[in-house]
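Input: a single structure, listed below in structure tokens.
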Amino acid sequence: MSSSLLEGLNPQQLEAVTLPRQSALILAGAGSGKTRVLTTRIAWLIHTGQVGPLSLLAVTFTNKAAREMLARISAMLPINTRGMWIGTFHGLCNRMLRAHYRDAGLPQSFQILDSADQLSMVKRVVKALGMDDEKYPPKQAQYFINANKEAGLRAAQVEATDDFSRRYNQVYAAYDAQCNREGVVDFAELLLRCYELLAKNEALRAHYQARFRHILVDEFQDTNRLQYLWLKLLAGPQGAVFAVGDDDQSIYAFRGARSGNMFDFERDFGVQKVIKLEQNYRSQGNILDAANALIRHNRARLGKNLWTAEGKGESLRLYEASTDVDEAAYILDEVRSLNSEGVRLSDIALLYRSNAQSRVLEHALFNAGISYRVYGGLRFFERQEIKHALAYLRLTANPEDDGAFLRVANFPARGIGGRTLEQLQASAEGAAVSLWRAACGNAPAGKAGTSLAAFVRLIEDLRAATRDLPLPEIVEHVIEASGLVAHYKGEKEGAERVENLEELVNAATAFAGEEGFAIYSADRTDGAPEAAAASNAPETGARRENVGRSDALNAFLSHAALEAGEHQAAAGADALQLMTVHSAKGLEFDTVFISGLEEGLFPHENSLTEDGGLEEERRLMYVAITRARRRLHLTHAQTRMLHGHTRYNVASRFLDEIPAALVRRVSASAALPALPPSAAGALPARAAASLRSYTAGGFRIGQSVTHPKFGAGVIVQAEGRGADARVQVNFRDAGLKWLALEYARLQAV
DNA sequence: CCTCATTGAGTTTTT
DNA sequence: CTCAATGAGG
């Protein structure tokens, strides 16, 4: 099997896989075999004896990508991947911090806050500072904190110039102080803390720099500043970083990703070799041509052109719907006929720019009885009942966790009201201690004090009773003894929640039994340096079966925070796939529908005011197009219901950027009766009825028009008659304008 | 403490 | 329009 490792690679892939030890940038276009190159290189490095499995580090953005990488490596090499440093940025940082918690200034059982936990902590801090949460929304403060952490800045280093940033920075400082008191870290903190650990601890830095002879990075275009700095520090001056990315698929600038890191990387790491992977193994020619033509309109590019050895394939299809409902009907018909031709539903994707668009589509599919699956719902570990159970578990691991305390102190209800908690918070703040300590110490007299004491006793009992239990039994005991299960059993719609709680026990069982364990546990088997070894728990070198209760529980809680689970429970076997373009990244389908291709929607109107926003939208469109293997349908609607109002949209400029020769315009599907060609005639009866309000000039609301100066647009409002008649036109490029019909030389399209 | 009503916001999202 | 979050009242 090993001799066949390199078989079937094209020359560029082969060169990338077998590159000598040096920093290199691999520009890997969509569908060019990026993951294959990455995993084959790892397998090749190990197989040829250039590096041991424990001396390389590979980092991804999602757990899914990390799992896939591990699975592919196991398939290529007969080695045990357990213990290898392959994971997400956050997962790897967590692992390092667990191993060196003392050097990092963290308690051994530090807990991880997810975004919701973080927001509630920020709210508490804003309140404690006596700030007006209307004027300074906690959400904004949270954004401020994360943006600065991701830029590598602590509150003391932030240059606050205006009043708002000064106030938010105050929140940042207080928030960090509170996190330290409670022994909790947010996602960005995992990275920043790990970065600082390596930056200030020379022995540790030297150890890891020497250890990780090869560092491989997936989706490099999505790295933020802090991740880049972390990589640089970890690699060191002698490091070899193999970065794989595609600047054309950078669609997360809005959350801090800097595709500019690719330029910096070439400079900072003295990159000698930039390899472009441009042969695409996924899509047929017409689809690739469309993608290439579109993305050529972007200026900020490293430059790359995809090609395929396959034929041109089918033309793209463009359908202009009258309404969003009509658009859904078209898609439905096409899906039906494809399905009857033998295309599996799960091989068809329905993509849209924003989640709100899925509603109409779902409605149509539901009524037609077509099974579908929507990505992007509540995830398992984010469910209320699961968060409650985790809060109890967290309190048994670390009672100083105020967030967990507040979440369950009165859930299930046990007579600890808002008033009691307020008093407790005040006394905790006064003494600069956690709520737990405040509750243990000077519990107020009376009924409130009794309830608090009972809660304290409950947590202590949970702790004592689970001390020597294996992980699944800890979880089982806690969901029962906390009263959660009983509470939900008593609720009329609580059956599903009880099931989820039981599922949590199963999750713990699965977790304890598999390798996920190693990823989140402190790393004890790979000889960290003195400074580090000293900070490890006494049982250095312990085997997995000896790992203590707190380790197993901490690992499981980390897992819960860092891997919130599938977006939705896997539905029936064969279902149509509905998702936003963002969540489609990395996936591929036989047939893809991109819906809502309208100005204002895609590109989204908010993006137009942002710096580089339009180019990011175009990259997003590029990602959408390149998901398709054989068939690509593009649809837009003249009229769409959004936020309770009808909007009249112009076709997306992206449609104009695709060469007409690649596209076949289709009118309503063959399954529907043929319609007259005129725009008004093509409207379904109910839509036409609602639009039949003609203005004096003979123009109609919803009609497409052109103006000699402003170009293409759609009439969205009309008023007045005769010489006073005015219409409001939504121009694709010029935006909304009121025009007097007497003067404006408007033309119907 | 729970329920009902009002209010407001409404791109994209992983960790 | 529709969902989530907050606040008043039983």
Side-chain angles (χ1 to χ4, degrees), chain A residues 59-66 87-94 112-120 123 133-134 137-139 143 146 149-150 185-192 194 218-219 222-224 226-227 250-257 324 351-360 363 375-379 381-382 384 410-420 451 491-492 520 558-567 579-586 596 600-610 613 616-617 619-621 623-624 640-647:
Chain A
V59 62
T60 62
F61 275 85
T62 64
N63 292 296
K64 198 174 153 202
T88 63
F89 279 100
H90 296 85
L92 296 177
C93 286
N94 175 54
I112 301 168
L113 303 182
D114 68 14
S115 310
D117 298 335
Q118 183 188 34
L119 182 60
S120 83
K123 280 181 182 163
D133 59 2
E134 301 256 289
K139 271 236 171 70
Y143 175 82
N146 290 335
K149 285 192 180 186
E150 280 163 11
V185 298
D186 58 58
F187 289 135
E189 183 72 23
L190 283 170
L191 283 153
L192 183 52
C194 189
D218 190 16
E219 305 275 18
D222 287 338
T223 49
N224 63 35
L226 180 56
Q227 287 159 340
S250 161
I251 55 173
Y252 287 113
F254 72 90
R255 67 174 198 214
D324 47 355
L351 309 185
Y352 35 81
R353 175 65 179 81
S354 61
N355 285 305
Q357 288 166 251
S358 75
R359 189 168 291 287
V360 181
H363 185 75
Y375 287 76
L378 243 202
R379 300 154 99 206
F381 287 107
E382 289 168 357
Q384 183 203 79
N410 198 36
F411 194 96
R414 53 175 69 88
I416 304 177
R419 186 95 194 87
T420 313
S451 323
E491 234 179 25
K492 40 190 183 296
Y520 296 104
S558 295
H559 164 77
L562 292 176
E563 194 165 351
E566 284 291 311
H567 251 315
M579 65 193 84
T580 63
V581 180
H582 281 92
S583 16
K585 188 171 163 210
L601 252 190
F602 198 1
H604 196 278
E605 52 202 353
N606 295 359
S607 73
L608 301 180
T609 56
E610 287 162 20
E616 176 143 318
E617 295 287 307
R619 290 192 293 270
L620 196 53
M621 180 65 183
V623 167
R640 180 179 298 278
M641 203 53 157
L642 201 67
H643 303 328
H645 289 285
T646 306
R647 293 176 36 145

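Chain naming here is simple, since letters A, B, ... match the order of the sequence lines and numbering starts at 1 in each.
Using a 4.0 Å heavy-atom cutoff across all strands shown, A/Tyr252 reaches sugar-phosphate atoms only and no base atom.
Nearest-nucleotide mapping onto DNA chain B: of A/Asp114 and A/Leu620, the residue sitting toward the 5' end is A/Leu620.
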Look for any protein N or O under 3.5 Å of an N or O in nucleotides 1-3 of chain B and output each such pair with its distance, or none.
unit_1: B/dC1; atom_1: OP1; unit_2: A/Asn410; atom_2: ND2; d: 2.6

Kindly give the atom pairs (protein nitrogen or oxygen, nucleotide nitrogen or oxygen) under 3.5 Å for nucleotides 9-11 of chain B.
unit_1: B/dG10; atom_1: N3; unit_2: A/His643; atom_2: ND1; d: 3.2
unit_1: B/dT11; atom_1: O4'; unit_2: A/His604; atom_2: NE2; d: 3.2
unit_1: B/dT11; atom_1: O2; unit_2: A/Arg353; atom_2: NH1; d: 3.2
unit_1: B/dT11; atom_1: O2; unit_2: A/Arg353; atom_2: NH2; d: 2.2
unit_1: B/dT11; atom_1: O4; unit_2: A/Glu610; atom_2: OE2; d: 2.5

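Side-chain N/O atoms of A/Thr88 and base N/O atoms of B/dT14 include no donor-acceptor pair closer than 3.5 Å.
Taking atom CD of A/Glu563 as the reference point, atom P of B/dT14 lies 12 Å away to the nearest angstrom. The CD-C1' distance, from A/Glu605 to B/dT12, rounds to 14 Å in whole Å. Across the protein-nucleic acid pair, A/Glu150 atom CD and B/dT14 atom C1' stand 10 Å apart, rounded to whole Å. With rounding to whole Å, A/Asp186 atom CG is found 18 Å from B/dT14 atom P. For the pair A/His645 NE2 and B/dG8 P, the interatomic distance rounds to 15 Å; values are reported in whole Å. One interatomic measurement links the two molecules: OH of A/Tyr375 to P of B/dT12, which rounds to 18 Å at whole-angstrom precision. When the P atom of B/dT12 is taken as reference, atom CD of A/Gln357 falls 9 Å away, rounded to whole Å. Atoms CG (A/Leu608) and C1' (B/dT12) sit 14 Å apart, rounded to a whole Å.
Of the possible polar contacts, none joining the A/Asp133 side chain to the A/Pro137 backbone as a donor-acceptor pair under 3.5 Å is found. Without hydrogens or angle criteria, A/Glu616 side chain to A/Ala253 main chain gives a donor-acceptor distance under 3.5 Å. Put simply, the side chain of A/Glu610 never gets that close to the backbone of A/Ser607: no donor and acceptor are under 3.5 Å apart. Listed for the A/Asn63 side chain is a donor-acceptor partner under 3.5 Å among the backbone atoms of A/Leu562.
Taking A/His604 as the reference, nothing meets the ring-ring contact (aromatic ring centres under 6.0 Å, His included) condition, with sequence neighbours excluded.
Residue A/Ser115 has no polar side-chain atom (N or O) positioned under 4.0 Å from OP1 or OP2 of B/dT15. Regarding contacts with the backbone of C/dT6, a side-chain N or O of A/Lys123 is found under 4.0 angstrom from either OP1 or OP2.
Looking at A/Met641 and A/Arg647, their side chains never come closer than 4.5 Å, going by heavy atoms from C-beta outward.
Separating the P atom of B/dT12 from that of C/dA5 is a span of 16 Å, rounded to the nearest Å.
With salt bridges taken as basic N to acidic carboxylate O contacts below 4.0 Å, none links A/Glu150 and A/Arg255. Using a 4.0 Å cut-off between charged side-chain N and carboxylate O, A/Asp114 and A/Arg379 make no salt bridge.
In this structure, a donor-acceptor pair under 3.5 Å is present between the side chains of A/Gln357 and A/Ser354.
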